[in-house]
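Below is one structure, written out as structure tokens; comments come after it.
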Amino acid sequence: MTVDFRKIEIIKKIQVVEEDWILKSIEKLLSDVFAEGKDSSNIESTKDFSFYVGNIEEKVDLEKIKRERPLKKLNMEKFGEMADSLEWNQSIEELLEDLKS
């Protein structure tokens, strides 16, 4: 893959980004690279990754979270198999009852 092709592919991905925090992360990465006097081909050697770890949005949007991570239904059969393999001293019903209290 050529450098020019990579640039085009990255630009296409950036154009569809809707999340502000992702754009801020990209800006931060690029400003860090150019502030250190590095060219864009050396982007992977940027040392300050702490900005990207646990990046928290300013406000929580529950509907957005639901869209990004849809609810998965619990497969009781598989859950039962997993529970049986753990050799608990209580039944699933008893454990679920403990969770309620």
Next item on the list: Starting at CE of M76, measure out to CG of L74 and round the result to the nearest 0.5 Å.
Entry: 5.5 Å
Next item on the list: Answer yes or no: is there a side-chain heavy-atom contact under 4.5 Å between Q15 and V17?
Entry: no
Notebook entry, point to check: Considering residues at least two apart in sequence or located in another chain, which fulfil the side chain to side chain contact (heavy atoms under 4.5 Å, CB included) criterion with K73?
Noted result: none
Check: Are I8 and V16 linked, directly or through other ILVMFWY residues, by side chains that come within less than 4.5 angstrom of each other?
Finding: no
Check: Roughly how far, to the nearest 0.5 Å, is CD of E19 from CG of D61?
Finding: 10.5 Å
Next item on the list: Measure across E94 and S91 and return the closest heavy-atom pair with its distance rounded to 0.1 Å.
Entry: OE1-N, 2.8 Å
Next item on the list: Kindly write out the residues that satisfy side chain to side chain contact (heavy atoms under 4.5 Å, CB included) with N75, not counting sequence neighbours, or none if the list is empty.
Entry: E77, K78
Next item on the list: First locate atom CH2 of W21, then atom CD1 of I26, and finally report the distance between them rounded to the nearest 0.5 Å.
Entry: 9.5 Å
Notebook entry, point to check: Can you list the residues that meet the salt bridge (charged side-chain N to carboxylate O under 4.0 Å, His left out) rule with K12, with sequence neighbours excluded?
Noted result: E9
Notebook entry, point to check: Would you call K13 and I10 a side-chain contact if the rule is heavy atoms closer than 4.5 Å?
Noted result: no
Next item on the list: Return the set of residues passing side chain to side chain contact (heavy atoms under 4.5 Å, CB included) with E18 (not counting sequence neighbours), or none when no residue passes.
Entry: none
Checklist line | Partners passing side chain to side chain contact (heavy atoms under 4.5 Å, CB included) against S85 (at least two apart in sequence or in another chain) | finding: none
Next item on the list: Return yes if some donor-acceptor pair links the side-chain N/O of E68 with the main-chain N/O of I65 below 3.5 Å, else return no.
Entry: no
Check: Is I14 close to L23 at the side-chain level, that is, under 4.5 Å between some pair of heavy atoms?
Finding: yes
Next item on the list: List in chain and number order the residues that pass side-chain hydrogen bond (donor to acceptor under 3.5 Å, both in side chains) with D20, two or more places apart in sequence or in another chain; answer none if no residue qualifies.
Entry: K24
Next item on the list: Apply salt bridge (charged side-chain N to carboxylate O under 4.0 Å, His left out) to E81 and list each qualifying residue two or more places apart in sequence or on a separate chain.
Entry: none
